[in-house]
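Indexing begins at 1, ligand by ligand and atom by atom, following the structure's order.
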Amino acid sequence: MSYLEIAGVISGYGKIPILHEVSLHVNQGEMVAVIGSNGAGKTTLMHTIAGLLPLMKGSISFQGKRIDTKSASDIARMGLGYVPQRKNVFAELTVLENLEMGAYTLKNPKDQIKEMLELFPRLKERIGQRAGTLSGGERQMLALSSALIVKPKLLLLDEPITGLAPQIIKGLIELIVEIRNQGTTIVWVVEENPKDVLQHADRVYLMDSGIIKMERSGREFLEEENFEELFLGH
Ligand code: ATP
């Protein structure tokens, strides 16, 4: 069984299914990209893995254990981190308070907070600033560091670079690749800068209307003749 195994999952909102028998797997240490057009179900998939949406059918296992019956906080405690696309920081709290919230399960969070501030010097400069007043890039750094602080084994990233300045995007991609190189498994919903991200991806899943339409290695996908169209989901 793979590190993360999603088998025949149907889930959605209320009684309406959005994911239709989605199956995919992620091996330990991999960086796997999930792509697809607007409304394809990428965020719904991330929510479902993280335990925020109940399954109607199927199963999800992480490190050989079923997680689809567990609460989101139990799943997080097992080492599965999630950085949602929106509402990923506490806007009313300061940078430091956000990091403390991220680290609330740690017995002695001081060292880890220090480590995160060294990784993101920009956040150190803004330690007392309310998160709601940070720039888009700074906010993404805070969201990422609040998830990284507990050293997750697997990190779900729902498009962490959308709408950011090119310089910031480059730095964040490098940082995430470095986190993967240090052993964290990554699932990345990619909407922006596909070529810059997919060149680092071991595999790519293309979603469309709640199903997995295609699976390729990162390299194969980049070499697809109709790459742009596929990426846009046509
Ligand atoms: P995008 O790239 O636009 O963020 P996505 O691939 O992440 O899209 P989802 O956000 O998972 O897609 O949405 C999939 C479908 O589920 C869409 O049709 C959307 O309208 C619907 N949906 C999302 N959230 C809800 C909700 N809370 N209640 C009902 N339907 C929802």
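A donor-acceptor contact under 3.5 angstrom links the side chains of N88 and Q140, judged on distance only.
Residue G39 holds the heavy atom nearest to atom 18 (O) of ligand 1 of all those in G12, G41, G39.
Ligand 1 places these atoms under 4.0 Å from at least one heavy atom of K42: 1 (P), 2 (O), 5 (P), 6 (O), 7 (O), 8 (O), 11 (O), 12 (O). Near E191, meaning under 4.0 Å from any of its heavy atoms, are these atoms of ligand 1: 1 (P), 2 (O), 4 (O). Per-residue contacts place I18 under 4.0 angstrom from the following atoms of ligand 1 (heavy atoms of the residue considered): 14 (C), 15 (C), 16 (O), 21 (C). Applying the 4.0 Å criterion to heavy atoms of T44 picks out, from ligand 1, the atoms 9 (P), 11 (O), 13 (O), 14 (C). Atoms of ligand 1 lying under 4.0 Å from any heavy atom of N38, numbered from 1 in the order shown and given with element: 1 (P), 2 (O), 3 (O), 8 (O).
Counting only heavy atoms of the protein, atom 10 (O) of ligand 1 lies nearest to T43 CB, 3.5 Å. With hydrogens left out, the protein atom closest to atom 23 (C) of ligand 1 is Y13 CE1, 3.4 Å, a heavy atom.
A salt bridge is absent between E159 and K42: the closest approach of a Lys/Arg side-chain nitrogen to an acidic carboxylate oxygen does not fall below 4.0 angstrom.
The shortest N or O to N or O distance between R86 and ligand 1 is not under 3.5 Å. The shortest N or O to N or O distance between G36 and ligand 1 is not below 3.5 Å.
Ligand 1 is approached by S37 to a heavy-atom distance shorter than 4.0 Å.
Within a 4.0 Å radius of atom 20 (O) of ligand 1, the protein contributes no non-hydrogen atoms.
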Test log, rule side chain to side chain contact (heavy atoms under 4.5 Å, CB included), inputs L55 and I10 = CA-CA 6 Å; L55 274 69; I10 302 182; over 6 Å; no
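When each of V83, V95, L99 is checked for a side chain to side chain contact (heavy atoms under 4.5 Å, CB included) with S145, only L99 meets the rule.
Rounding to the nearest 0.5 Å places CG of L148 at 12.5 Å from CE of M141. Atoms OG1 and CD, from T94 and E100 in turn, are 7.0 Å apart once rounded to the nearest 0.5 Å.
V34 places a side-chain heavy atom less than 4.5 Å from the side chain of M207.
When the shell of 6.0 Å around CZ of F90 is examined, it contains 12 or fewer heavy atoms from other residues, nucleotides or ligands.
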